[in-house]
Number of protein chains: 2
Amino acid sequence: MDEAEALAGFGAMAQETRLRIVRLLVMAGRDGLPAGDISAAMEVSPSNASFHLKELERAGLVVARRESRSILYAADFEALSGLIRFLMEDCCSGRPEICAPALATAAACCAPKSAASAP
Amino acid sequence: MDEAEALAGFGAMAQETRLRIVRLLVMAGRDGLPAGDISAAMEVSPSNASFHLKELERAGLVVARRESRSILYAADFEALSGLIRFLMEDCCSGRPEICAPALATAAACCAPKSAASAP
DNA sequence: TCCATATTTCAACAATCCTTGAATCATTGA
DNA sequence: TCAATGATTCAAGGATTGTTGAAATATGGA
(Lines give C-alpha, C1' and ligand atoms only; values in the text may rest on other atoms or scores of the structure.)
Protein backbone atom coordinates (compact mmCIF):
# COMPACT_ATOMS: atom_id res chain seq x y z
CA MET A 1 0.00 0.00 0.00
CA ASP A 2 1.64 3.20 -1.18
CA GLU A 3 0.75 6.78 -0.33
CA ALA A 4 -1.60 7.21 -3.31
CA GLU A 5 -3.59 4.11 -2.39
CA ALA A 6 -3.78 5.20 1.22
CA LEU A 7 -5.01 8.64 0.18
CA ALA A 8 -7.72 7.03 -1.94
CA GLY A 9 -8.63 4.74 0.94
CA PHE A 10 -8.92 7.55 3.47
CA GLY A 11 -10.91 9.61 0.98
CA ALA A 12 -13.31 6.75 0.50
CA MET A 13 -13.81 6.32 4.25
CA ALA A 14 -14.30 10.05 4.79
CA GLN A 15 -17.93 10.07 3.79
CA GLU A 16 -20.76 8.91 6.00
CA THR A 17 -22.67 6.73 3.54
CA ARG A 18 -19.49 5.10 2.33
CA LEU A 19 -18.15 4.45 5.82
CA ARG A 20 -21.45 2.79 6.70
CA ILE A 21 -21.39 0.73 3.52
CA VAL A 22 -17.92 -0.53 4.36
CA ARG A 23 -19.10 -1.55 7.81
CA LEU A 24 -22.12 -3.31 6.37
CA LEU A 25 -19.99 -5.17 3.85
CA VAL A 26 -17.45 -6.21 6.44
CA MET A 27 -20.23 -7.74 8.47
CA ALA A 28 -21.69 -9.34 5.37
CA GLY A 29 -18.49 -11.29 4.76
CA ARG A 30 -16.84 -12.50 1.61
CA ASP A 31 -20.07 -13.21 -0.26
CA GLY A 32 -21.07 -9.57 -0.10
CA LEU A 33 -24.49 -8.11 -0.78
CA PRO A 34 -26.47 -7.03 -3.85
CA ALA A 35 -26.46 -3.31 -4.63
CA GLY A 36 -30.20 -3.15 -4.00
CA ASP A 37 -29.89 -4.50 -0.47
CA ILE A 38 -27.11 -2.02 0.26
CA SER A 39 -29.13 0.87 -1.06
CA ALA A 40 -32.11 -0.23 1.05
CA ALA A 41 -30.03 -0.70 4.19
CA MET A 42 -28.43 2.74 3.80
CA GLU A 43 -31.77 4.32 2.96
CA VAL A 44 -30.41 6.13 -0.08
CA SER A 45 -31.54 5.99 -3.70
CA PRO A 46 -30.20 3.20 -5.92
CA SER A 47 -28.39 5.78 -8.00
CA ASN A 48 -26.77 7.34 -4.97
CA ALA A 49 -25.72 3.95 -3.62
CA SER A 50 -24.30 3.10 -7.02
CA PHE A 51 -22.28 6.32 -7.01
CA HIS A 52 -20.73 5.58 -3.62
CA LEU A 53 -20.16 1.91 -4.38
CA LYS A 54 -18.28 2.89 -7.48
CA GLU A 55 -16.22 5.30 -5.43
CA LEU A 56 -15.36 2.55 -2.95
CA GLU A 57 -14.48 0.25 -5.81
CA ARG A 58 -12.26 2.89 -7.35
CA ALA A 59 -10.46 3.20 -4.04
CA GLY A 60 -10.02 -0.57 -4.03
CA LEU A 61 -11.94 -1.10 -0.81
CA VAL A 62 -14.71 -3.21 -2.31
CA VAL A 63 -15.02 -5.57 -5.25
CA ALA A 64 -18.06 -6.17 -7.44
CA ARG A 65 -19.25 -9.22 -9.28
CA ARG A 66 -22.40 -9.95 -11.19
CA GLU A 67 -24.59 -12.84 -10.18
CA SER A 68 -27.65 -13.23 -12.31
CA ARG A 69 -29.53 -9.96 -12.19
CA SER A 70 -27.76 -8.67 -9.11
CA ILE A 71 -24.39 -7.10 -8.72
CA LEU A 72 -22.84 -8.21 -5.48
CA TYR A 73 -20.42 -5.98 -3.63
CA ALA A 74 -18.02 -7.36 -1.08
CA ALA A 75 -15.43 -5.74 1.17
CA ASP A 76 -11.85 -6.26 0.08
CA PHE A 77 -10.45 -7.47 3.37
CA GLU A 78 -6.87 -7.28 2.21
CA ALA A 79 -7.22 -3.66 1.23
CA LEU A 80 -8.78 -2.76 4.56
CA SER A 81 -6.04 -4.58 6.32
CA GLY A 82 -3.53 -2.72 4.18
CA LEU A 83 -5.03 0.58 5.18
CA ILE A 84 -4.66 -0.23 8.86
CA ARG A 85 -1.11 -1.35 8.24
CA PHE A 86 -0.27 1.84 6.40
CA LEU A 87 -1.58 3.87 9.29
CA MET A 88 0.43 1.82 11.74
CA GLU A 89 3.68 1.66 9.85
CA ASP A 90 3.46 5.27 8.95
CA CYS A 91 2.32 6.58 12.23
CA CYS A 92 4.28 4.24 14.33
CA SER A 93 7.62 5.28 12.88
CA GLY A 94 9.40 4.43 16.07
CA ARG A 95 6.55 5.58 18.31
CA PRO A 96 5.01 2.55 19.97
CA GLU A 97 2.74 4.74 22.08
CA ILE A 98 0.51 5.08 19.03
CA CYS A 99 0.00 1.52 18.05
CA ALA A 100 0.36 -0.15 21.41
CA PRO A 101 -3.23 0.77 22.34
CA ALA A 102 -4.34 -0.36 18.92
CA LEU A 103 -2.66 -3.68 19.57
CA ALA A 104 -4.78 -4.10 22.66
CA THR A 105 -7.90 -3.46 20.61
CA ALA A 106 -6.86 -5.98 18.03
CA ALA A 107 -6.10 -8.54 20.69
CA ALA A 108 -9.55 -8.01 22.16
CA CYS A 109 -11.42 -8.40 18.91
CA CYS A 110 -9.32 -10.86 16.98
CA ALA A 111 -8.38 -14.08 18.63
CA PRO A 112 -4.91 -14.91 17.32
CA LYS A 113 -5.37 -18.30 15.70
CA SER A 114 -1.97 -19.88 16.13
CA ALA A 115 -0.86 -18.75 19.55
CA ALA A 116 -3.79 -18.27 21.89
CA SER A 117 -1.91 -16.11 24.34
CA ALA A 118 -4.83 -14.75 26.28
CA PRO A 119 -3.89 -12.36 29.09
CA MET B 1 -13.84 7.80 19.03
CA ASP B 2 -17.31 7.99 17.51
CA GLU B 3 -18.28 7.92 13.86
CA ALA B 4 -18.20 11.70 13.46
CA GLU B 5 -14.67 11.94 14.84
CA ALA B 6 -13.54 9.08 12.63
CA LEU B 7 -15.05 10.76 9.57
CA ALA B 8 -13.21 13.97 10.41
CA GLY B 9 -10.02 12.01 10.94
CA PHE B 10 -10.25 10.18 7.62
CA GLY B 11 -11.14 13.41 5.87
CA ALA B 12 -8.07 15.05 7.33
CA MET B 13 -5.81 12.23 6.20
CA ALA B 14 -7.31 12.16 2.71
CA GLN B 15 -5.20 15.02 1.41
CA GLU B 16 -1.60 14.70 0.37
CA THR B 17 -0.14 17.72 2.14
CA ARG B 18 -1.99 16.90 5.34
CA LEU B 19 -1.01 13.24 5.29
CA ARG B 20 2.61 14.27 4.87
CA ILE B 21 2.31 16.81 7.69
CA VAL B 22 0.95 14.14 10.00
CA ARG B 23 3.87 11.88 9.16
CA LEU B 24 6.34 14.69 9.75
CA LEU B 25 4.78 15.54 13.09
CA VAL B 26 4.71 11.94 14.22
CA MET B 27 8.42 11.75 13.56
CA ALA B 28 8.96 15.07 15.27
CA GLY B 29 7.55 13.72 18.52
CA ARG B 30 5.66 15.38 21.33
CA ASP B 31 7.49 18.69 21.09
CA GLY B 32 6.23 19.27 17.58
CA LEU B 33 7.51 21.79 15.07
CA PRO B 34 6.91 25.49 14.33
CA ALA B 35 4.48 26.27 11.50
CA GLY B 36 7.28 27.84 9.48
CA ASP B 37 9.39 24.69 9.57
CA ILE B 38 6.41 22.61 8.51
CA SER B 39 5.60 24.95 5.66
CA ALA B 40 9.24 24.82 4.52
CA ALA B 41 9.44 21.03 4.79
CA MET B 42 6.24 20.58 2.79
CA GLU B 43 7.31 23.20 0.26
CA VAL B 44 4.01 25.03 0.40
CA SER B 45 3.26 28.65 1.23
CA PRO B 46 2.87 29.64 4.89
CA SER B 47 -0.76 30.44 4.26
CA ASN B 48 -1.40 27.09 2.67
CA ALA B 49 0.36 25.27 5.50
CA SER B 50 -1.67 27.25 7.97
CA PHE B 51 -4.87 26.23 6.21
CA HIS B 52 -4.03 22.54 6.38
CA LEU B 53 -2.72 22.71 9.94
CA LYS B 54 -5.97 24.27 11.02
CA GLU B 55 -7.85 21.52 9.25
CA LEU B 56 -5.79 18.89 11.06
CA GLU B 57 -6.40 20.69 14.32
CA ARG B 58 -10.13 20.83 13.68
CA ALA B 59 -10.09 17.09 13.08
CA GLY B 60 -8.30 16.68 16.40
CA LEU B 61 -5.21 15.07 14.87
CA VAL B 62 -2.76 17.77 15.91
CA VAL B 63 -2.52 20.30 18.70
CA ALA B 64 -1.04 23.79 18.57
CA ARG B 65 0.69 25.88 21.19
CA ARG B 66 2.41 29.21 21.03
CA GLU B 67 6.01 29.49 22.11
CA SER B 68 7.40 32.97 21.76
CA ARG B 69 6.89 34.05 18.18
CA SER B 70 6.37 30.54 16.87
CA ILE B 71 3.33 28.35 16.95
CA LEU B 72 4.32 24.76 17.49
CA TYR B 73 2.21 21.96 16.10
CA ALA B 74 2.43 18.45 17.45
CA ALA B 75 0.71 15.20 16.52
CA ASP B 76 -1.99 14.08 18.91
CA PHE B 77 -0.84 10.54 19.42
CA GLU B 78 -3.97 9.51 21.26
CA ALA B 79 -6.19 10.67 18.43
CA LEU B 80 -4.11 8.79 15.86
CA SER B 81 -4.23 5.74 18.02
CA GLY B 82 -7.99 6.18 18.30
CA LEU B 83 -8.32 6.31 14.55
CA ILE B 84 -6.50 3.03 14.16
CA ARG B 85 -8.64 1.52 16.87
CA PHE B 86 -11.83 2.71 15.21
CA LEU B 87 -10.75 1.11 11.97
CA MET B 88 -9.94 -2.11 13.75
CA GLU B 89 -13.00 -2.36 15.97
CA ASP B 90 -15.23 -1.35 13.15
CA CYS B 91 -13.70 -3.36 10.44
CA CYS B 92 -12.80 -6.29 12.54
CA SER B 93 -16.34 -6.93 13.67
CA GLY B 94 -15.65 -10.59 14.18
CA ARG B 95 -13.32 -10.84 11.18
CA PRO B 96 -9.80 -11.52 12.40
CA GLU B 97 -8.54 -11.89 8.86
CA ILE B 98 -8.56 -8.10 8.63
CA CYS B 99 -6.64 -7.15 11.70
CA ALA B 100 -4.48 -10.20 12.10
CA PRO B 101 -2.05 -8.94 9.41
CA ALA B 102 -2.17 -5.52 11.02
CA LEU B 103 -1.25 -7.15 14.30
CA ALA B 104 1.85 -8.55 12.69
CA THR B 105 2.82 -5.11 11.44
CA ALA B 106 2.32 -3.63 14.86
CA ALA B 107 4.34 -6.38 16.43
CA ALA B 108 7.16 -5.65 14.03
CA CYS B 109 7.28 -1.97 14.80
CA CYS B 110 6.08 -1.76 18.39
CA ALA B 111 7.28 -3.84 21.25
CA PRO B 112 4.23 -6.10 21.70
CA LYS B 113 3.90 -6.55 25.43
CA SER B 114 5.80 -3.79 27.13
CA ALA B 115 3.84 -0.65 26.33
CA ALA B 116 7.09 1.03 25.48
CA SER B 117 9.08 3.60 27.30
CA ALA B 118 10.63 6.39 25.31
CA PRO B 119 14.34 5.83 24.55
C1' DT C 1 -40.20 -11.38 -28.35
C1' DC C 2 -41.77 -8.56 -24.56
C1' DC C 3 -41.82 -7.37 -19.88
C1' DA C 4 -40.17 -6.83 -15.26
C1' DT C 5 -36.25 -6.47 -12.32
C1' DA C 6 -31.65 -4.88 -10.89
C1' DT C 7 -28.46 -1.66 -11.56
C1' DT C 8 -25.75 1.94 -13.85
C1' DT C 9 -25.01 6.17 -16.39
C1' DC C 10 -25.67 10.87 -17.39
C1' DA C 11 -26.40 15.82 -17.00
C1' DA C 12 -27.34 19.52 -14.17
C1' DC C 13 -26.89 21.65 -10.12
C1' DA C 14 -25.43 22.42 -5.26
C1' DA C 15 -22.03 22.05 -1.87
C1' DT C 16 -17.52 21.60 -0.32
C1' DC C 17 -12.64 21.90 -0.62
C1' DC C 18 -8.12 23.84 -2.17
C1' DT C 19 -5.10 27.58 -3.63
C1' DT C 20 -3.44 32.21 -3.88
C1' DG C 21 -1.88 36.61 -2.46
C1' DA C 22 -2.77 40.62 0.15
C1' DA C 23 -3.90 42.29 4.55
C1' DT C 24 -3.82 41.52 9.44
C1' DC C 25 -2.44 40.04 14.12
C1' DA C 26 0.97 38.82 17.88
C1' DT C 27 5.49 38.85 19.75
C1' DT C 28 10.11 40.36 20.42
C1' DG C 29 14.00 43.39 20.55
C1' DA C 30 16.16 47.91 19.48
C1' DT D 1 7.28 53.31 20.00
C1' DC D 2 8.91 51.23 15.75
C1' DA D 3 10.41 47.73 12.81
C1' DA D 4 11.08 42.87 11.98
C1' DT D 5 9.58 38.19 12.36
C1' DG D 6 6.33 34.33 12.49
C1' DA D 7 2.00 33.13 11.63
C1' DT D 8 -3.10 33.67 10.58
C1' DT D 9 -7.16 35.43 8.20
C1' DC D 10 -9.84 36.70 4.38
C1' DA D 11 -11.95 36.95 -0.18
C1' DA D 12 -11.92 35.36 -4.78
C1' DG D 13 -11.55 31.86 -7.95
C1' DG D 14 -11.03 27.26 -9.57
C1' DA D 15 -11.45 22.33 -8.83
C1' DT D 16 -13.53 18.44 -6.88
C1' DT D 17 -17.30 15.98 -4.78
C1' DG D 18 -22.14 14.82 -3.73
C1' DT D 19 -27.19 14.70 -5.02
C1' DT D 20 -31.06 14.15 -7.96
C1' DG D 21 -34.11 12.17 -11.26
C1' DA D 22 -34.58 10.59 -15.88
C1' DA D 23 -32.87 7.59 -19.32
C1' DA D 24 -30.12 3.62 -20.57
C1' DT D 25 -28.17 -1.20 -20.01
C1' DA D 26 -28.17 -6.12 -18.66
C1' DT D 27 -30.52 -10.30 -17.26
C1' DG D 28 -34.00 -13.83 -16.77
C1' DG D 29 -38.56 -15.54 -17.38
C1' DA D 30 -43.30 -15.76 -19.64
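Note that the structure is a prediction, hence the values are computed from the model and not measured. A note on names: the letters A, B, ... follow the listed sequences, proteins ahead of strands, and every chain is numbered from 1.
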Could you tell me whether the phosphate oxygens of D/dT17, OP1 or OP2, come under 4.0 Å of any side-chain nitrogen or oxygen in A/His52?
no
Using a 4.0 Å heavy-atom cut-off, does B/Ser50 contact any base of the nucleic acid, only the sugar-phosphate backbone, or nothing at all?
base
Check every strand shown and say whether B/Thr17 touches a base, only sugar-phosphate, or nothing at a heavy-atom separation below 4.0 Å.
nothing
Atom pair distance, as rounded to whole Å: CG in A/Leu53 and P in C/dT9:
11 Å
Ignoring backbone atoms, establish whether A/Lys54 has a side-chain N or O less than 4.0 Å from OP1 or OP2 of C/dT7.
no
In this structure, how many angstroms lie between the C1' atom of C/dC18 and the CG atom of B/Asn48, rounded?
7 Å
For A/Arg58, enumerate each residue passing the salt bridge (charged side-chain N to carboxylate O under 4.0 Å, His left out) test, keeping only those at least two apart in sequence or located in another chain.
A/Glu55
Which of B/Ile21, B/Val62, B/Val22, B/Val44 passes side chain to side chain contact (heavy atoms under 4.5 Å, CB included) with B/His52? It is B/Ile21
Does B/Tyr73 have a side-chain nitrogen or oxygen under 4.0 Å from the phosphate oxygens OP1 or OP2 of D/dG6?
no
From the candidates C/dC18, D/dG18, D/dG29, the one with an atom nearest any side-chain atom of A/Phe51 is D/dG18
d(CE, A/Met42; C1', D/dT19) in whole Å:
17 Å
Could you list the residues that satisfy side-chain contact (heavy atoms from CB on, under 4.5 Å) with A/Ala8, not counting sequence neighbours?
A/Ala59
The residue, A/Glu55 or A/Arg66, whose nearest nucleotide of DNA chain D is more 5′ is A/Glu55
Under-4.0 Å side-chain N/O to phosphate OP1/OP2 contact, A/Ser68 with D/dG28
yes
B/Ile71 has an atom CD1; how far is it from atom P of C/dT28, in whole Å?
12 Å
Side chain of B/Gln15 - closest among C/dA4, D/dA7, C/dC18
C/dC18
Less than 4.0 angstrom between a side-chain N/O of A/Arg18 and OP1 or OP2 of D/dG18, yes or no?
yes
Nearest whole Å is fine: how far is C/dT5 C1' from A/Asp37 CG?
13 Å
Which part of the nucleic acid, if any, lies within reach of A/Ser70 when heavy atoms closer than 4.0 Å are counted: base, sugar-phosphate only, or nothing?
sugar-phosphate
Over how many whole Å does the gap from A/Ile38 atom CD1 to C/dT7 atom C1' extend?
11 Å
Can we say B/Arg18 and B/Glu16 salt-bridge, meaning some charged N sits less than 4.0 Å from an Asp/Glu carboxylate O?
no
Please classify the nucleic acid contact of A/Ser47 as base, sugar-phosphate, or nothing, using heavy-atom distances under 4.0 Å.
base
Taken to the nearest whole Å, CD1/B/Ile21 to P/C/dC18 is 12 Å
Send over the distance from A/Arg69 CZ to D/dG29 C1', rounded to a whole Å.
7 Å
Less than 4.0 Å between a side-chain N and a carboxylate O, is that true for A/Arg23 and B/Glu3?
yes
Side chain of B/Pro46 (C-beta onward), nearest among D/dT19, D/dT5, D/dT8
D/dT8
Grouping I, L, V, M, F, W and Y whenever their side-chain heavy atoms are under 4.5 Å apart, do A/Leu61 and A/Val63 come out in a common cluster?
no
